[in-house]
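Accompanying notes for the structure given below.
Values in this document were obtained by computation on a predicted structure and should not be read as measured data. Note that the numbering runs from 1 along the sequence shown for the chain.
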Amino acid sequence: MKTRRVVAYMLLCISFTSQTHEFLTNSELIEGIVHVCQMKRPLSTGNASDIMVMIWYQTCMFLAQLVLISWNKIASLQRQMIFDFMQNCVQKFTWKDIMNIDNRMGTTYETFLPYIRLFYTYDPENHPSSEEGLAALRQICLDVVITGLQATLGKLHNYMIVAKEGLLDYVTCIPFNVPSCLEAKARTMVATLSASGNGVLQPPSLSNLSKAKLAKMRLGLELVMSASAREIAERLL
């Protein structure tokens, strides 16, 4: 079981690089990953061990990376499989479960950009090739990511990482970039981050508010954070 957790964690880390999604969105691979996660201890059973819960959680985060960034590379049958798997997970585990397991296992984090960027990906709702059910799949993926951030951003060490990466303003903007049904949960997550920094979280700057809007316009968070104003303008033209 520990080996499966290492594999789940490695897959999550690999998915942080979008160039790997061409391979990771393979239908047979997705089916295999979901099947392995449900072996011996299916999601319908209770009393799951910490390791099994983390396997499910990290697999959900991995799948969220694929769906929110490379949705158009995933076949419709696998999208439904991902939705069913994640729906079971979010119904059984809370952010407190993940936080407590992280504490017991001594889990540490080095970056939060791969998670926060997911709230600034292009929403394909009006895309010609979008399909029925895609909005629900994106919503459950965002729900899982909010759960993960709620579980981890309550520590001062993680607050400092977010601050060092220049992401505080973009976390503050997250409630404005999620479906209305997730807005309250996102605001609670932001409040958790603020509390971990002794309540010093400030409203986002006008510049970063503008960048947050541009990031949703198919530019992505990483680009607007690193590119010059001229480079961003050229991308928009």
Side-chain angles (χ1 to χ4, degrees), residues 9-21 54 57-58 60-70 95 98-99 102-103 105-123 141-178 182-183 185-232 235:
Y9 179 71
M10 289 179 63
L11 284 170
L12 174 59
C13 292
I14 292 171
S15 71
F16 292 167
T17 303
S18 302
Q19 289 86 338
T20 64
H21 290 193
M54 292 308 290
Y57 165 67
Q58 289 172 343
C60 282
M61 295 293 272
F62 160 74
L63 294 171
Q65 292 281 340
L66 300 187
V67 170
L68 295 172
I69 294 177
S70 302
W95 66 269
I98 303 303
M99 179 186 68
D102 266 350
N103 290 338
M105 291 185 168
T107 306
T108 58
Y109 294 83
E110 296 183 2
T111 178
F112 284 93
L113 178 58
Y115 305 106
I116 294 170
R117 69 173 180 168
L118 298 178
F119 297 96
Y120 296 93
T121 56
Y122 173 63
D123 187 346
C141 287
L142 291 172
D143 191 5
V144 168
V145 180
I146 293 172
T147 297
L149 291 177
Q150 175 75 12
T152 55
L153 294 184
K155 292 184 177 181
L156 178 60
H157 173 73
N158 293 340
Y159 174 95
M160 297 303 294
I161 293 174
V162 173
K164 184 178 180 180
E165 292 187 287
L167 294 169
L168 290 176
D169 280 0
Y170 299 104
V171 175
T172 305
C173 292
I174 285 176
F176 305 106
N177 289 303
V178 296
L182 296 177
E183 186 176 336
K185 186 174 182 178
R187 290 188 183 280
T188 300
M189 179 270 293
V190 173
T192 297
L193 176 66
S194 180
S196 69
N198 296 318
V200 297
L201 194 61
Q202 300 295 322
S205 67
L206 182 59
S207 173
N208 285 343
L209 273 173
S210 299
K211 288 183 177 180
K213 289 291 185 181
L214 291 173
K216 288 288 289 184
M217 297 170 62
R218 302 198 72 170
L219 294 182
L221 184 59
E222 290 147 313
L223 175 63
V224 300
M225 289 183 67
S226 61
S228 66
R230 179 177 179 179
E231 291 171 326
I232 292 175
R235 290 293 188 105

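- With sequence neighbours excluded, the residues forming a salt bridge (charged side-chain N to carboxylate O under 4.0 Å, His left out) with Glu183 are Arg187, listed by chain and number.
- Formation of a donor-acceptor pair under 3.5 Å by the Asn158 side chain with backbone atoms of Thr152 is found in this model.
- For the atom pair Gln58 CD and Leu11 CG, the distance stands at 10.0 Å (nearest 0.5 Å).
- Using a 4.5 Å cut-off on side-chain heavy atoms (C-beta onward), Trp95 and Ile146 make no contact.
- Taking CG from Leu193 and CG from Leu156, the interatomic distance works out to 10.5 Å, rounded to the nearest 0.5 Å.
- Among residues two or more places apart in sequence or in another chain, the salt bridge (charged side-chain N to carboxylate O under 4.0 Å, His left out) test is passed with Lys164 by none.
- Glu165 and Thr111 are linked by a side-chain donor-acceptor pair at a separation below 3.5 angstrom, with hydrogens and angles left out of the test.
- The salt bridge (Lys or Arg N to Asp or Glu O under 4.0 Å) pairs that include a residue from residues 149-162 number zero, where partners must be two or more places apart or lie in different chains.
- Checked by atom type and distance alone, the side chain of Arg117 never pairs as donor or acceptor with a backbone atom of Ile69 at under 3.5 Å.
- A distance of 10.0 Å separates OG1 in Thr147 from CE in Met189, rounded to the nearest 0.5 Å.
- For Tyr120 (side chain) and Tyr170 (main-chain N/O), a donor-acceptor pair under 3.5 Å exists by modelled atom type.
- A donor-acceptor distance shorter than 3.5 angstrom exists from the side chain of Asp169 to the backbone of Ser205, with no hydrogens or angles considered.
- Proximity of a side-chain donor or acceptor of Thr172 to a complementary backbone N or O of Leu168 within less than 3.5 Å is detected.
- Judged purely by atom type and a 3.5 angstrom limit, Thr121 uses its side chain to pair as donor or acceptor with the backbone of Leu68.
- Ring geometry for Tyr115 versus Phe112: interplanar angle of 30 to 60°, hence tilted.
- No donor-acceptor pair under 3.5 Å is formed between the side chain of Glu222 and the backbone N or O of Leu113.
- Although no hydrogens or angles enter the test, the distance criterion places no donor-acceptor pair under 3.5 Å between the side chain of Ser194 and the main chain of Val190.
- Distance alone, capped at 3.5 Å, is enough to place a donor-acceptor pair between the Thr20 side chain and the Ile14 backbone.
- Taking CD from Gln65 and OG from Ser70, the interatomic distance works out to 9.5 Å, rounded to the nearest 0.5 Å.
- Rounded to the nearest 0.5 angstrom, Ile98 CD1 and Gln150 CD are separated by 12.0 Å.
- Distance CG/Leu153 to OH/Tyr109: 9.5 Å, rounded to 0.5 Å.
- Within 6.0 Å of CE on Met105 lie more than 12 heavy atoms contributed by other residues, nucleotides or ligands.
- Using a 4.5 Å heavy-atom cutoff, the side chains of Cys141 and Leu63 are not in contact.
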Q: Under the side chain to side chain contact (heavy atoms under 4.5 Å, CB included) rule, what do Met61 and Val145 come out as? Steps first, then yes or no, please.
A: CA-CA 7 Å; Met61 295 293 272; Val145 180; 4.3 Å; yes
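- Surrounding NZ of Lys213 are at most 12 heavy atoms belonging to other residues, nucleotides or ligands under 6.0 Å away.
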